[in-house]
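Remarks on the structure that follows.
Below, chain A is the first sequence line, B the second, and so on; all start at residue 1.
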Amino acid sequence: MAELKQLIFFDFEMLCSKTGMLFEDMEAIRLGAVKVDVESGLVTGFDRHIRPQQNSPLSTFCKELTGISDSDLEKADDFPEVFKDFLFWIGGVKKARFFSWSSSDILRLKADALRHNLPQATIEKISKRYVDFQAVFTKRASRTAASVEKALSFYELSFIGKPHHPMYDSYNTLRIYESFEEHLVKTDLIMVQQFIFQEAELPPVERLSQEIKYIFQKDLGEFYSNLNDAFRMKDAWKLIKKTKKLVEKYENILLSRSGIFDEELISGVEELINFYKELQTAYREHCSYTSKIMILHEQMVEPLQKICV
DNA sequence: GTACTTCAGACAGAAGCCCT
DNA sequence: AGGGCTTCTGTCTGAAGTAC
């Protein structure tokens, strides 16, 4: 891939109605974006209304939600024209990486490009360089999908600009991205709160790793006490599901970039993930020769035993 | 062979969140 | 307000096993 020169955060406003619409009919009516020049850090904006093919008046709901009026769209260019200007503004798709908050924007781009017979090669290039940053943030920090406002609030930030204005939505997505990339300790604290402590209060950072280790050992102790030498295949499947839950609770500790977690905790989580992988392999093997029970070998479970309290 | 039970996997619906 | 997505839970169904 070519050298990364710019980050593009984009967002579409779309046709919508209180009575519901098929997604394919929810044409884009406004495209907003911000571009970050990687080298200089300079941020520039893009904001254009788009005249949809369907020329019926906007629903009251849509006007109230997006703040877009019929007259805004009457004088607007159509999708191909706006998209052409967008590409020019980007200044080189191959040197860009694209982000949006939720996958609906890339799906909209694909759907409207198809509707207007735009070159699929360009859309493919963007798709290849596209990141659904809401999905990344969910996986790494918030556990469940968060709105832009909620994600900002995790970093004690508030929304700048007008909500449902796609350029400002994009700008605020950029702010979440920057916080996520730069405030590594804070990002891990959010993750730990959402994945491990949930409603409970977070201990001070200096005690955090120790407390997590304690919870981890307790979780693993309970898990281990329910392990048998052999499982019926149905129960083996349940065990896999249960292990997966435990892995999901702790696996982000291995992806931590802040250095706040101690080695013992990290290696414990590594052992759990190793066990999970071995369990999956064993399950597949037992299925392949239509076994009725699955045996857990001593060497598989032994590393877990060492971690338990 | 028939009736019944057990079980895995598919499926549907609800809930909760987001998006417009 | 509705659509989309994910997760969870309960139900259905067909296959396999068991008892008679």
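Under the 4.5 Å side-chain contact rule for hydrophobic residues, A:F99 and A:Y155 share a cluster.
Checking A:D188, A:L265, A:L184 one by one against A:I260, the side chain to side chain contact (heavy atoms under 4.5 Å, CB included) holds for a single residue, A:D188.
Checked against salt bridge (charged side-chain N to carboxylate O under 4.0 Å, His left out), A:K242 has no partners two or more places apart in sequence or in another chain. Residues that satisfy the side chain to side chain contact (heavy atoms under 4.5 Å, CB included) test with A:D78, not counting sequence neighbours, are A:R51, A:P80, A:E81. Residues satisfying the side-chain hydrogen bond (donor to acceptor under 3.5 Å, both in side chains) criterion with A:D112, sequence neighbours excluded, are A:R108. Annotation: salt bridge (charged side-chain N to carboxylate O under 4.0 Å, His left out) contacts of A:K249 (sequence neighbours excluded): A:D219.
Within 4.0 Å of A:T19, counting heavy atoms only, lie sugar-phosphate atoms of the nucleic acid but no base atom.
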Close N or O pairs between protein and nucleotides 12-15 of chain B (under 3.5 Å):
none

Short heteroatom pairs, N/O only, protein and nucleotides 18-20 of chain B, under 3.5 Å:
residue	atom	partner	partner atom	Å
B:dC18	OP1	A:S147	N	3.1
B:dC18	O3'	A:Q134	NE2	3.2
B:dC19	OP1	A:W101	NE1	3.1
B:dT20	OP1	A:D11	OD1	2.9
B:dT20	OP1	A:D11	OD2	3.4
B:dT20	O3'	A:E13	OE1	3.0
B:dT20	O3'	A:M14	N	2.6
B:dT20	O3'	A:M14	O	3.4

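To the nearest 0.5 Å, the span separating OG on A:S170 from CZ on A:F10 amounts to 8.5 Å. Annotation: the span from A:L157 atom CG to A:L152 atom CG amounts to 5.5 Å, rounded to 0.5 Å.
Distance, A:E64 CD to C:dG2 C1': 16 Å, rounded to whole Å. Atom CZ in A:R108 sits about 13 Å away from atom C1' in C:dG4, given to the nearest Å. If you measure from atom CD1 of A:I106 to atom P of C:dC5, you get 14 Å, rounded to the nearest angstrom. The CG-C1' distance, from A:L107 to C:dC5, rounds to 11 Å in whole Å.
Comparing A:M21 and A:E248 along DNA chain C, the residue whose closest nucleotide (by nearest heavy atom) sits nearer the 5' end is A:M21.
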